[in-house]
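Residue numbering restarts at 1 for every chain, and letters A, B, ... go by the order of the sequence lines.
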There are 2 protein chains.
Amino acid sequence: MQGGGGIKTRPTAPTLEEVAREANVSRATVSRVVNGSPKVSPDVVTAVNAAIAKLNYVPNRAARSLASRTSGAIALIVPEDTTMFFGDPYFAAIVQGITRRLDESEFLLNLLVASTDPSHKTLRYLRSGVVDGALVISHHEGDDLQREAGLALPLVFGGRPSQAGDHIFVDVDNVEGGATGTSHLVDIGRRRIGTVSGPLDMPAGVDRLEGYRRAMDAAGMPSDAYEVADFTAAGAMEATRRLLDRFPDLDGLFVASDLMATGAFAAIAERGRSVPDDIAVVGFDDSPAALSGPMPLTTVHQPSEQMGFEMADLLLRHLAGDPDVPHRNIMPTHLVKRASA
Amino acid sequence: MQGGGGIKTRPTAPTLEEVAREANVSRATVSRVVNGSPKVSPDVVTAVNAAIAKLNYVPNRAARSLASRTSGAIALIVPEDTTMFFGDPYFAAIVQGITRRLDESEFLLNLLVASTDPSHKTLRYLRSGVVDGALVISHHEGDDLQREAGLALPLVFGGRPSQAGDHIFVDVDNVEGGATGTSHLVDIGRRRIGTVSGPLDMPAGVDRLEGYRRAMDAAGMPSDAYEVADFTAAGAMEATRRLLDRFPDLDGLFVASDLMATGAFAAIAERGRSVPDDIAVVGFDDSPAALSGPMPLTTVHQPSEQMGFEMADLLLRHLAGDPDVPHRNIMPTHLVKRASA
DNA sequence: TTGTAGGCGTTATCAT
DNA sequence: ATGATAACGCCTACAA
């Protein structure tokens with residue numbers, strides 16, 4: 001017989017036990033080496049590492065997680081659909097920042113783009129112990145992860161959460177940002193200024209609109225020219241059309257995201273009007289979308305990448321037991337002048 | 001004393017054990033109910049479910065995984081950096097398809113966008129048992145997940161893997177697709193046709209270029225006007241510049257991805273030439289990028305979303321032990337005529 | 001510094 | 001149909 005041929009024996013992964021045997025030490029010692037315990041004699045460390053290399057050992061994450069009651073992973077929760085998530089470069093920047101922070105740690109990132117049924121499947125997931133904490137971005141008013149089903153998981157929000165509570169979050173001053181963008185339009189002499197806002201169930205939507213209002217008030221101009229959109233280009237195009245219908249004399253437009261600004265551009269072009277001559281446009285984010293349109297977009301910069309980094313950093317510190325992680329983390333914005341306004 | 005205040009006792013999650021006690025049955029029975037075993041009397045099922053609901057019980061995934069030796073999760077491996085991954089809507093479509101398939105299953109998806117150090121950290125991850133299988137897209141020649149470190153994990157590729165072997169994959173006929181796109185340029189009377197290809201360490205790059213060659217050969221025209229790019233808009237812009245330098249009389253251009261076509265548009269505009277009058281352009285993918293540029297792009301459609309769905313489906317069937325999942329899955333392409341050619 | 005032993009929460013194999 | 005009782009692979013007091 002030639003070696004029991006026929007049945008395909010899946011080569012079962014080596015365990016701590018086998019490494020211990022190979023190195024002539026106990027499992028505990030191997031475990032210590034694997035976890036970098038300082039109290040192991042150098043020669044034993046060497047021997048164990050040799051055994052690990054020889055057997056090509058990799059710790060079983062489930063076992064480790066079960067015993068240690070930690071998973072070494074965090075989740076990024078995005079309550080939007082895939083299209084939205086991939087469509088806006090803002091998210092790309094956030095993720096970039098998060099992974100940059102995580103890369104210098106041992107933590108893994110689990111992406112959870114959960115538009116459908118956020119309460120049920122997502123919550124089960126979060127409560128099943130697969131992650132030690134979670135980052136939440138693009139948070140809408142409805143979803144109250146924190147309380148729902150008594151979820152006791154460390155959370156850090158990207159953007160001030162709409163519901164009250166002592167949450168840890170990273171954000172910019174959206175009111176101020178909205179005012180900055182709008183004021184610029186005032187400053188360059190526009191007389192009929194409107195805005196396309198984000199959804200009103202998101203603080204970023206509400207606040208940037210409020211910023212528009214304040215700037216208009218301060219300038220003694222009416223703040224009635226606004227339409228609500230959903231942070232997508234298509235939605236913004238629609239909203240801009242409505243705005244142009246209502247205010248044919250519009251000559252300035254503050255759009256609450258760069259991606260939406262591309263939609264606004266399309267609507268404006270469709271009406272045969274030009275940017276910035278007929279209508280000056282200011283966006284928000286300073287994401288790659290600001291440069292992807294027909295013209296470089298003047299926009300309110302927010303440090304998205306750093307915000308992602310910061311979110312991850314705060315969560316990791318929180319998980320590490322750091323008692324004084326700041327809860328309100330407001331990062332600066334500034335106007336970036338380009339061709340559109 | 002008021003209830004031991006001071007120490008913040010984290011409410012430890014309920015376990016099978018507690019549910020069993022609550023329902024006056026054994027752990028085994030609860031486990032059966034949780035896993036939908038048919039051999040449990042209806043009233044017991046009811047009682048157990050009541051206890052589960054009351055205690056708000058969610059199975060611990062690590063424990064389950066350890067005992068059952070399966071994780072209920074699969075990974076999507078993308079050997080690119082975050083920017084690239086988020087930048088090309090092609091990936092969005094794939095992910096969309098994958099999640100569509102997964103949503104109708106109990107499996108979770110773990111995204112692994114691993115540009116940096118794909119061999120080490122990623123491999124450890126894959127071998128740690130957190131996933132039962134993996135989907136690999138945007139696969140370059142270097143990364144040989146399969147063999148590397150003896151990884152014995154069920155894999156399904158998006159795009160024919162470059163290394164030999166009996167891999168399961170979903171792909172289109174890129175040679176044919178490339179020929180289709182190029183031939184269209186011939187058909188509409190272009191005389192000096194070039195191409196911007198993908199990287200030559202990826203089959204999709206090589207094959208679409210080969211398709212261009214064949215179409216040119218068949219038309220009796222020279223196939224020397226090609227430049228290699230990297231599937232990014234910026235890279236394609238560069239490549240197109242070089243091409244225009246080398247062939248000032250270029251009047252037709254086949255670009256190996258829609259995203260790259262937007263870069264080509266930019267380069268062409270920069271040179272003061274027009275599309276399609278001066279230069280007709282054909283892309284590949286039929287992704288949203290085809291409609292994001294200054295002009296609707298004529299392109300070779302590939303069913304990206306369905307390909308993602310199919311990949312996930314094949315992997316799940318494979319994991320379920322289905323003995324005859326097809327290994328070579330070639331999906332159809334077709335030309336979509338729009339304004340650019 | 002190293003080893004022993006018990007336990008983490010489930011599943012799975014036996015009996016019953 | 002239900003219940004003991006081992007595993008599963010690792011961590012962690014505790015002991016030596």
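- Taking OG1 of A/T83 as the reference point, atom CD of B/Q96 lies at 4.5 Å (rounded to 0.5 Å).
- Legend: residues meeting ring-ring contact (aromatic ring centres under 6.0 Å, His included) with B/F91, ordered by chain and number and at least two apart, are B/F85.
- Checked by atom type and distance alone, the side chain of B/D201 never pairs as donor or acceptor with a backbone atom of B/H140 at under 3.5 Å.
- Listed for the A/R100 side chain is no donor-acceptor partner under 3.5 Å among the backbone atoms of A/E305.
- Put simply, the side chain of B/L76 does not reach to within 4.5 Å of the side chain of B/I74, judged on heavy atoms.
- One distance of note links CG of A/D81 with CE of A/M84; it measures 8.0 Å at 0.5 Å rounding.
- Without hydrogens or angle criteria, A/S31 side chain to A/R27 main chain gives no donor-acceptor distance under 3.5 Å.
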Letter per nucleotide, 5' to 3', of nucleotides 5-14 of chain D [B base touched, S only sugar-phosphate touched, - untouched; heavy atoms, 4.0 Å]: BB-BBBBBB-
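- With sequence neighbours excluded, the residues forming a side chain to side chain contact (heavy atoms under 4.5 Å, CB included) with A/V130 are A/Y125, A/S128, B/R61, listed by chain and number.
- You can see that DNA chain C meets the heavy atoms of chain A within a 4.0 Å-exclusive cut from C/dT1 to C/dG9, reading 5' to 3'.
- Note on residues 17-64 of chain A: no pairs pass ring-ring contact (aromatic ring centres under 6.0 Å, His included), not counting sequence neighbours.
- With respect to A/D313, the side-chain hydrogen bond (donor to acceptor under 3.5 Å, both in side chains) criterion is satisfied by exactly one of A/Q306, A/H318, A/R101: A/R101.
- Taking the screw axis at each terminus of the helix from C/dT1-D/dA16 to C/dT16-D/dA1 from five consecutive base pairs, the angle between the two is 30° to within rounding of 10 degrees.
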